[in-house]
2 protein chains.
Amino acid sequence: MRGETTRRRDASHTRQLLLDTARHHFARYGFSTTTVRDIADGAGVNVALINRYFASKEGLFEACLSSAVTDLRRETDSAPANEIAAKMAQRIAGSADDPRHHETMLLLVRSSGDERTDAMRRALLTSISTRLASAVQSSPEPPGDAALLRAQLLIGALLGASLMRTSIAVPPLATANEAQISDALEVLVKALLPPG
Amino acid sequence: MRGETTRRRDASHTRQLLLDTARHHFARYGFSTTTVRDIADGAGVNVALINRYFASKEGLFEACLSSAVTDLRRETDSAPANEIAAKMAQRIAGSADDPRHHETMLLLVRSSGDERTDAMRRALLTSISTRLASAVQSSPEPPGDAALLRAQLLIGALLGASLMRTSIAVPPLATANEAQISDALEVLVKALLPPG
DNA sequence: CTAATAAGTAAGCAATCATTTACTTCGACC
DNA sequence: GGTCGAAGTAAATGATTGCTTACTTATTAG
C-alpha cells in the first residue's frame, strides 16, 4: 500500500506537519480562536503530540512565529535593501503558488498575548523597517525617525493589504491576480520610500 | 454621596457602558481573547446583563461593529469624497484625544467568525472604498477595478497603520505624535489616490 | 527473535468559558 | 405607602478549553 520511503512513524515529520497546520490556522484565525484540537485534527495527529513536541499551545505558536521570522530574515538579509519591499509585496500578491508565503505575513499581526513572543515579532519588524529606511538614504548613518516612521507605515500597509485580501476578503482585492496587485503595491512602495 | 442627576439603575446607561467597554476590549484584544467577564468587570456590571441586553457575546460584538459602522458612515457620507481618506487618517494619527476613534478603526480588523457580522464589515469597507475610488475620477460612472483596488489598498494601509501603532506597538510609529503621522499618511493617500 | 525505546493513542483531568436560572432590590406610579 | 415591573445579582449549568496520564503499537538494535 505505502511506499518504502515513507515510515509510518516519523517524529520529525509529524512535528513539521503540526507546524505547518498550526501556522495555517494561527495565521487565518488567530491564536485564541484556534484550538489545539483544530490543529491536531487538521494534521491528522493525536492532540497530545502538540504538548510532547512543543510543550504547550503557546510553544507551538512561538515555534510558528520563529520559523516565520527565520524565513523573512533569510529573504530580507540576503536581498539588497531596495528590494526588500518588493519581496514582501510579492508575498502578498502571490496567491496561486505556495500559500505559506502569505500566511507568514498574516502571522505577524497575530498575537498570543505572551510578552516574549510579542517581543520577537516586534524585533523582526523593527529590524526590517530599519533596513528599509536605510535603503532610501545614501549615507551609511542610522536612519532618522522620519524615515523609520515611513518604513514602518509601509510594512503596516503591506500587512493591512494581507488582511484585506484574505482575512476580510473584500473584492476585487481578494480576487485580483498577482500582476494587478504588484502594480498597485509598487506605487505604494515608491511613495513611501522615494529612491535617493 | 452621589449627585441627583445620576440614577443608580439606568438600563440605557449601563447598556451604553457595556457597549463602550466591549468595543475597547474587542478592538484591542480581539473577539475570542476577551471574555464576557472581562467586559462586565471592566464596566463594573454583572455578567448576566450582557445576555440580557445583547442576547449573547456575539450579539454584543455585532452591536459594537454596528455602532462603528454607523460612526464611519456618518463621517464618510457627509464629507466630500476627497476628504474621506484624510478623515480616516486623522482617526489613526490622533492619540491624545478620544481613543474611541482609534478603536473604531481597529474593530474593523477583528472578526468573531460569524458570517453575518463579517458581511457587515465587508459591506462597509466596500462602500467606503467605492466612494474613495469615485473621488479620483471626474466622470460620474462607477469606478473600475483598478481604481477600486487602489482604494482598498489604501484602506488596508490605514488599518495596518492602526495595528502597527497600537497593537504591535513598534516605535517610533507607536510613539510618534499626530503631526508626524499625518504627514506620512498624506504621502500615502496622495500616492494611491492621485487627484484628477 | 526479542527486548528496549521511541511514537502514537484514548480517556479523563481541572479550569474556564458563555449562558441560564431563581432570586433580590430598586424606582416609579397611583 | 404599598405594589408591581424593571434592573441587577449570585450561583450553577453544560460545554469546551489546554493539558496529563496510563496505555498500546511500531521501530530498531543486539
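Per chain, numbering begins at 1; letters A, B, ... match sequence-line order.
- Nearest nucleotide to the Arg9(A) side chain, out of dT27(D), dC19(D), dG8(D): dT27(D).
- An OP1 or OP2 oxygen of dT19(C) is reached within less than 4.0 angstrom by a side-chain nitrogen or oxygen of Asn51(B).
- Across the protein-nucleic acid pair, Leu60(B) atom CG and dC17(C) atom P stand 16 Å apart, rounded to whole Å.
- In this structure, Ser32(B) reaches neither bases nor backbone, as no heavy-atom distance under 4.0 Å exists between it and the strands shown.
- Residue Ile39(B) contributes atom CD1, which lies 14 Å from atom C1' of dT19(C) at whole-angstrom precision.
- Checking the phosphate oxygens (OP1, OP2) of dG8(D), a side-chain nitrogen or oxygen of Tyr53(B) falls inside 4.0 Å.
- Rounding to whole angstrom units, CG of residue Asp10(A) and C1' of dA7(C) are separated by 10 Å.
- No hydrogens or angles were tested; on distance alone, nothing pairs the side chain of Arg37(B) with the base of dT16(C) as donor and acceptor under 3.5 Å.
- Checking the phosphate oxygens (OP1, OP2) of dA7(D), no side-chain nitrogen or oxygen of Arg8(B) falls inside 4.0 Å.
- Candidate nucleotides dC19(D), dA18(C), dG8(D) were compared by shortest atom distance to the side chain of Thr35(B), and dA18(C) ranks first.
- The shortest distance between the side-chain N/O atoms of Ser56(B) and the OP1/OP2 oxygens of dA18(C) is not below 4.0 Å.
- Comparing Arg52(A) and Thr34(A) along DNA chain D, the residue whose closest nucleotide (by nearest heavy atom) sits nearer the 5' end is Thr34(A).
- Between Val45(A) and Glu58(B), the residue anchored closer to the 5' end of DNA chain C is Val45(A), taking for each the nucleotide with the nearest heavy atom.
- Atom CG of Asn46(A) is separated from atom P of dT24(D) by 15 Å (rounded to the nearest Å).
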Let me see the working for Gln90(B) and Ser182(B) under side chain to side chain contact (heavy atoms under 4.5 Å, CB included), right down to the final yes or no.
CA-CA 7 Å; Gln90(B) 209 172 0; Ser182(B) 293; 5.8 Å; no
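- Taking atom CZ of Arg15(A) as the reference point, atom P of dA6(C) lies 17 Å away to the nearest angstrom.
- Taking the ring centre of Phe26(B) as origin, the terminal cationic atom of Lys57(B) falls outside the region bounded by 6.0 Å and 45° from the ring axis.
- Computed from coordinates, the Leu49(A) CG to dT24(D) P distance equals 18 Å when rounded to whole Å.
- Distance, Phe26(A) CZ to dG18(D) P: 9 Å, rounded to whole Å.
- For Arg73(A) and Ser127(A), the side-chain atoms include at least one donor-acceptor pair closer than 3.5 Å.
- When only modelled atom types and interatomic distance are considered, Glu58(B) and Thr117(B) share a side-chain donor-acceptor pair under 3.5 Å.
- Atom-to-atom, NZ of Lys57(A) to P of dT17(D) comes out at 9 Å; the value is rounded to the nearest Å.
- Taken to the nearest 0.5 Å, the CE atom of Met164(A) stands 6.5 Å off from the OG atom of Ser129(B).
- Using a 4.0 Å heavy-atom criterion, one finds that Ala48(B) contacts the bases of the nucleic acid, with or without backbone contacts as well.
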